[in-house]
Amino acid sequence: MPKEYRTIQEVAGPLMLVKEVDRVKYNELGEIELANGEKRRCRVLEVNGTNALVQLFESATGINLAESKVRFLGRQMELGVSMDMLGRVFDGLGRPIDGGCEIIPEKRMDVNGLPMNPAARSYPQEFIQTGVSAIDGLNTLVRGQKLPIFSASGLPHANLAAQIAKHAKVLGKNEQFAVVFAAMGITFEESNFFVESFRATGALERTVMFSNLANDPAIERIATPKMALTAAEYLAFEKGMHVLVILTDITNYADALREVSAARKEVPGRRGYPGYMYTDLASIYERAGRQKGKEGSITMIPILSMPEDDKTHPIPDLTGYITEGQIILNRELYRKGVNPPIDVLPSLSRLKDKGIGEGKTRKDHSNTMNQLFSAYARGKDAKELMTILGEAALTDIDKLYAKFADAFEKEYVSQGFDSDRSIEETLNIGWKLLGILPRSELKRISDELLDQYYGKF
């Protein structure tokens, strides 16, 4: 039986100081028993001699210093995992909140995971179809990749996250595919939107969902992505499944880190965030990937809303360093009614070349992708010139490029949040749009491909 301590010295916000403890370890789980018998969970954050600084997972209300007691459980935070998790909804600490029964775990896994040895990683190189043309066609997602979505407040990143979770699939072989969806600091309405939209399309059956609401404690928010990634590691590396992890919203997670750091009176870094935020984010993002000798994989799409639409803000800035590219949502496109409002020019998937081409998507993919980027960039320049100097100042070819840019946004990027486009559909729409331009302008595509596809759609 764990030893009980009645030496609570102080409670400050989400933190509690316990004195005269013996052999207590960093990250160890604890249990606080109140005078009325109610139990609450906590975790050791710091040990200094015989003093332990403890982080509360629930509210501090009602903790009486003299009458409450603490026991340390001798183990770190764990998640009980089994295949029964698929189709279920949990809170940020892994407790079922969908009215279903408790999970009977096949095993218990430490939520901090084990770092993946870089030498044991396999290079990401298989295409994952999200059903979104602006991602599949131009910023392709590859199995084992970390590809964040940079959004901003008021933009429909929740709809895009739900769309990808519902429609994402691995093409070709008949492989098991699952989605682990973790929502942090969202409202009850948003949480309900995700559950209902997954349920309506049947996607919930292959999804494990963790939902941490805005009114839940900040500490639970910090635990949520770790819980989700532990479930993903079990499905991927123990059960051989291909798992897509969607984390939304990383900004709420970083704000919770800042809140706990401030309560600990740590020296703040940029914008008040703790100096270790880079390391902390890396410990989450780097759990994605593929392992040599194992069938499964973890592909990650973290979603973050950039405060004040600023991509130099510490959260998107540090995320960009750790991950392999970014998908950027644009307010101007959203105002024009383009949904999803993905701005393809500043967006980037650093691994896109590895997941496309013959045998993966189609042999014309790489050429058409480069040509579409080039034509859209020139079309946007032509439209800016038209705004400043008027249409009369444009050459006939510039007018065609301006027309192409409008059509590209309307037909290629904009597809609504319910449509699920196959990669063939996406590539064919690209060819149809390139048909607006004369063949002589398509300098990035080989004659062989032009003969095969140009003017056929």
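One is the number of the first residue; the rest follow in order along the sequence.
You'll find the side chain of Ser191 reaches within 4.5 Å of the side chain of Leu213, heavy atoms only.
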### Task
Apply the test salt bridge (Lys or Arg N to Asp or Glu O under 4.0 Å) to residues Arg221 and Asp216: give CA-CA distance (whole Å), side-chain angles for both, the deciding distance (0.1 Å), then the verdict.
CA-CA 8 Å; Arg221 202 155 304 143; Asp216 289 333; over 6 Å; no
### Query
Can you check ring pair (Phe, Tyr, Trp, His ring centres under 6.0 Å) on Tyr412 and Tyr376, steps first, answer last?
CA-CA 11 Å; Tyr412 193 96; Tyr376 181 52; 9.4 Å; no
### Task
Check step by step if ring pair (Phe, Tyr, Trp, His ring centres under 6.0 Å) holds for Phe417 and His167.
CA-CA 10 Å; Phe417 291 113; His167 299 146; over 10 Å; no
### Query
Could you walk me through whether Asn139 and Arg350 pass the side chain to side chain donor-acceptor pair (under 3.5 Å) check?
CA-CA 8 Å; Asn139 292 292; Arg350 291 194 180 97; over 6 Å; no
### Task
Starting from the C-alpha separation in whole Å, work towards a yes-or-no answer on side chain to side chain donor-acceptor pair (under 3.5 Å) for Asp280 and Tyr253.
CA-CA 11 Å; Asp280 195 281; Tyr253 171 82; 2.3 Å; yes
### Message
Pair Arg421, Thr426 - check side chain to side chain donor-acceptor pair (under 3.5 Å), show working.
### Response
CA-CA 6 Å; Arg421 286 184 186 164; Thr426 292; 5.3 Å; no
### Task
Check the pair Thr312, Asp317 against side chain to side chain donor-acceptor pair (under 3.5 Å), reporting the backbone distance first and the verdict last.
CA-CA 5 Å; Thr312 66; Asp317 190 29; over 6 Å; no
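The line from CZ of Phe198 to NZ of Lys166 is 8.0 Å long, rounded to the nearest 0.5 Å. The line from NE2 of His242 to OG of Ser297 is 5.0 Å long, rounded to the nearest 0.5 Å. In this structure, the separation between CG on Leu56 and CZ on Arg40 is 8.5 Å, given to the nearest 0.5 Å. To the nearest 0.5 angstrom, Met85 atom CE is 7.0 Å from Leu235 atom CG. Atoms OH and OG1, from Tyr401 and Thr395 in turn, are 10.0 Å apart once rounded to the nearest 0.5 Å. Note: Thr323 OG1 to Leu281 CG = 10.0 Å, rounded to the nearest 0.5 Å.
Of the candidates Lys336, Arg335, Lys403, Lys336 is the only one forming a salt bridge (charged side-chain N to carboxylate O under 4.0 Å, His left out) with Glu409. When each of Arg287, Lys107, Lys294 is tested with Glu233 by the rule salt bridge (charged side-chain N to carboxylate O under 4.0 Å, His left out), just one qualifies, namely Arg287.
The pair Lys383-Asp406 counts as a salt bridge, with a side-chain nitrogen and a carboxylate oxygen less than 4.0 angstrom apart. Asp136 and Lys352 are not joined by a salt bridge, as no carboxylate oxygen comes within less than 4.0 angstrom of a charged side-chain nitrogen. In this structure, Lys354 does not pair ionically with Glu126, as no charged nitrogen and carboxylate oxygen lie closer than 4.0 Å. With respect to Asp255 and Arg258, a salt bridge is recorded, a charged nitrogen being found less than 4.0 Å from a carboxylate O. In summary, Glu295 and Lys239 do not engage in a salt bridge, as defined by a charged side-chain N under 4.0 Å from a carboxylate O. Using a cut-off of 4.0 Å between Lys/Arg side-chain N and Asp/Glu carboxylate O, Lys146 and Glu286 are scored as salt-bridged. Salt bridge annotation for Asp310-Arg271: present, with a cationic side-chain nitrogen under 4.0 angstrom from a carboxylate oxygen.
Of all the heavy atoms in Phe408 and Leu433, the pair that sits closest is CA-CD1, 3.8 Å. The two residues Ala228 and Val180 come nearest to each other via the heavy atoms O-CG1, 3.4 Å. What you find for Ser211 and Ile186 is that their closest heavy atoms are OG-CD1, 4.2 Å.
By the salt bridge (charged side-chain N to carboxylate O under 4.0 Å, His left out) test, Asp110 pairs with no residue at all, sequence neighbours left out.
Put simply, the side chain of Ser414 never gets that close to the backbone of Val338: no donor and acceptor are under 3.5 Å apart.
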